[in-house]
2 protein chains.
Amino acid sequence: MSAEERRESAVRAAVTEFARGGYKGTSTESIARRVGVSQPYLFRLFPNKQALFLAAAERCLEDTRGVFARASEGLEGEEALHAMAAAYQRYVIDEPDMFQMQMQMYAATAVAEVDGDTEFGERLRAGWLRMWEDVHLVLGADVDETTTFLAYGMLANTLASLGFPAGHRVWSGFYLSARPVS
Amino acid sequence: MSAEERRESAVRAAVTEFARGGYKGTSTESIARRVGVSQPYLFRLFPNKQALFLAAAERCLEDTRGVFARASEGLEGEEALHAMAAAYQRYVIDEPDMFQMQMQMYAATAVAEVDGDTEFGERLRAGWLRMWEDVHLVLGADVDETTTFLAYGMLANTLASLGFPAGHRVWSGFYLSARPVS
DNA sequence: ATAGTTAGTGATTGAGCAATAACTTTCTCT
DNA sequence: AGAGAAAGTTATTGCTCAATCACTAACTAT
């Protein structure tokens with residue numbers, strides 16, 4: 001297998017492992033195991049653990065953008081909004097690793113920032129902004145709509161992280177299409 | 001100093017340290033240093049590291065509730081909403097440790113849940129729900145208003161975690177009173 | 001065929017860290 | 001005064017983990 005293909009597998013494995021264990025709580029060993037490769041070899045593919053996390057985080061943002069893009073294809077305004085909300089709901093249910101990776105990424109960015117590591121944050125802000133721009137465009141360049149949509153998304157991530165079960169009162173203020181299946 | 005007083009200091013120190021380093025990324029040593037006490041003594045005050053984190057997380061939620069309660073005193077509806085938004089803004093600026101602790105808590109809860117640790121999540125859901133109920137009551141028991149208010153709060157936490165500076169476009173869809181100072 | 005490159009491994013190192021055990025100091029109450 | 005409790009310490013253990021080093025196997029192009 002080519003190094004490039006391995007890197008791809010590694011990123012995927014990293015998303016899963018980091019999502020479940022967090023940055024510090026995940027060993028490079030566990031990622032290597034999931035890839036099916038020796039732990040030291042990961043360090044041939046990525047210069048260090050942080051670079052691997054960054055790649056996983058960026059992948060996660062790109063995937064989310066992809067979900068929105070596919071859901072909103074050919075739609076606009078209110079229709080696009082509901083389609084994206086519904087798609088994100090399914091996405092979160094089908095691949096819980098993805099939104100958990102998001103949460104781990106927000107937490108890790110804050111830590112990196114405290115450590116004086118600016119590049120980490122910059123890369124992730126850029127990725128997040130691309131998502132923002134996508135949504136903004138789809139929602140007719142309406143800033144308020146964009147903000148509200150993303151706000152609901154973040155609250156959903158939070159409630160899901162905390163493990164509030166589907167059907168709990170805290171979900172009752174969501175569009176039906178944005179609630180977990182009840 | 002009495003054990004109870006020390007415990008109080010420890011919780012405060014834990015909020016700061018965990019907020020900046022995350023759960024796994026923070027050593028009990030660093031917390032002990034901040035308290036001004038030896039590392040092993042922390043284990044007299046708390047059974048283990050997780051219990052200390054839990055206490056810090058619960059404190060953080062209680063503090064946030066307090067901010068909302070004080071801001072909305074004597075107000076209701078729209079007025080209360082804006083007062084709370086403004087107060088939360090100041091709070092996040094004055095004490096960034098607090099919202100960062102929130103993010104660390106969401107990330108850590110997801111990890112605990114994966115590890116099959118149910119009690120951790122239960123305690124934090126209970127704390128979060130108390131906050132939800134408070135806001136709900138103040139906003140005239142309007143579920144949609146409550147959800148929207150908290151959604152904006154969560155988006156604000158996220159953007160702040162990512163380090164988007166005041167004045168950035170991503171903040172432009174917020175109530176003026178909920179934006180970081182520009 | 002063989003030189004060079006690319007993919008991959010095993011062994012190790014050095015640091016950091018939660019938790020325990022065994023001990024000491026400082027109050028406090030009669 | 002002095003016994004008991006409460007507050008606090010030093011030393012240590014046993015583990016985990018990122019990263020490096022030195023090495024091997026397989027492919028590829030002349």
Side-chain angles (χ1 to χ4, degrees), chain A residues 1-57 104-105 107-109 111-112 114-117 119-120, chain B residues 1-57 104-105 107-109 111-112 114-117 119-120:
Chain A
M1 199 180 280
S2 81
E4 212 40 68
E5 287 170 315
R6 280 290 191 213
R7 235 184 298 269
E8 171 60 25
S9 310
V11 169
R12 272 212 258 274
V15 168
T16 303
E17 292 294 324
F18 281 128
R20 298 179 187 178
Y23 179 55
K24 283 275 186 174
T26 300
S27 66
T28 55
E29 171 68 37
S30 73
I31 297 170
R33 234 190 340 262
R34 182 172 288 272
V35 182
V37 96
S38 71
Q39 179 259 345
Y41 189 55
L42 279 187
F43 289 83
R44 293 278 166 101
L45 303 173
F46 297 87
N48 52 45
K49 188 184 183 183
Q50 199 198 20
L52 181 50
F53 184 86
L54 192 53
Q104 297 302 341
M105 154 188 156
T109 308
V111 172
V114 169
D115 288 354
D117 182 344
E119 198 199 324
F120 192 81
Chain B
M1 198 180 280
S2 81
E4 213 39 68
E5 288 169 313
R6 280 291 190 209
R7 234 183 298 270
E8 170 61 23
S9 310
V11 169
R12 272 213 258 273
V15 168
T16 302
E17 292 293 325
F18 281 129
R20 297 178 187 179
Y23 179 55
K24 284 276 187 171
T26 300
S27 66
T28 56
E29 171 68 38
S30 73
I31 297 169
R33 233 189 343 259
R34 182 171 287 272
V35 181
V37 96
S38 70
Q39 178 260 343
Y41 188 55
L42 279 186
F43 290 83
R44 291 279 165 100
L45 304 173
F46 297 87
N48 51 44
K49 188 185 182 182
Q50 200 198 349
L52 181 50
F53 184 86
L54 192 54
Q104 297 301 341
M105 154 189 155
T109 308
V111 172
V114 170
D115 288 354
D117 181 344
E119 199 200 323
F120 193 80

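Model, not experiment: these values are computed from the prediction. In the text below, chain A, chain B and the rest are named by the order of the sequence lines, each starting its count at 1.
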Protein and nucleotides 21-29 of chain D: nitrogen or oxygen contacts under 3.5 angstrom:
from   : atom 1 : to    : atom 2 : distance (Å)
D/dA22 : N6     : A/R44 : NH2    : 3.1

Under 4.0 Å between a side-chain N or O of A/T28 and OP1 or OP2 of D/dA18? yes
How many Å lie between CG on A/L42 and P on D/dA18, as a whole number? 10 Å
Rounded to the nearest Å, what distance is computed from the CZ atom of residue B/F43 to the P atom of nucleotide D/dA7? 18 Å
Grab the two heavy atoms, one from A/L45 and one from A/A3, that are nearest each other, plus how far apart they are. CD2-O, 3.9 Å
Between the side-chain atoms of A/E29 and the base atoms of D/dA18, is any donor-acceptor pair under 3.5 Å? no
Here the residues of residues 2-25 of chain A within 4.0 Å heavy-atom distance, strictly under, of DNA chain D are none
Going from CG on A/L52 to CZ on A/R7, what distance comes out if it is rounded to the nearest 0.5 angstrom? 11.0 Å
Any residue in residues 49-56 of chain B with a heavy atom nearer than 4.0 angstrom to DNA chain D? Just list them by number, or reply none. none
NA contact type, B/T26, heavy-atom cut-off 4.0 Å: base, sugar-phosphate, or nothing? sugar-phosphate
Starting at atom CE of B/M1, determine the distance to atom C1' of D/dG8, rounded to an integer number of angstrom. 12 Å
Nearest 0.5 Å please: distance from the CZ atom of A/F46 over to the CZ atom of A/R6. 12.5 Å
When rounded to the nearest 0.5 angstrom, what distance separates CD in B/Q104 from CD in B/E17? 12.0 Å
Any idea how B/F53 and B/Y23 line up, ring-wise: parallel (<30°), tilted (30 to 60°), or perpendicular (>60°)? perpendicular
Chain B vs DNA chain C, heavy-atom contacts under 4.0 Å, first-to-last nucleotide span, 5' to 3', is C/dC17 to C/dA22
Look only at the side chain of A/K24 and the backbone of B/G21, and say whether a donor-acceptor pair between them is shorter than 3.5 Å. no
Are the side chain of A/D115 and the backbone of A/D117 linked by a donor-acceptor contact shorter than 3.5 Å? no
Roughly how far, to the nearest 0.5 Å, is CD of B/Q39 from CD1 of B/I31? 10.0 Å
From B/F43 atom CZ to B/T28 atom OG1, the distance as rounded to the nearest 0.5 Å: 4.5 Å
Which part of the nucleic acid, if any, lies within reach of A/S27 when heavy atoms closer than 4.0 Å are counted: base, sugar-phosphate only, or nothing? sugar-phosphate
Sequence neighbours excluded, the answer for salt bridge (charged side-chain N to carboxylate O under 4.0 Å, His left out) partners of A/R44 is none
As a check of understanding: the bend across the helix from C/dA1-D/dT30 to C/dT30-D/dA1, end axes from five pairs, rounded to 10 degrees, works out to 10°
For the atom pair CE (B/M1) and OG (B/S9), what is the distance rounded to the nearest 0.5 Å? 5.0 Å
Which atoms form the tightest heavy-atom contact between A/V35 and A/A10, and what is the distance? CG2-CA, 3.7 Å
In terms of heavy-atom contacts, B/A107 and A/A107 come closest through CB-CB, 3.9 Å
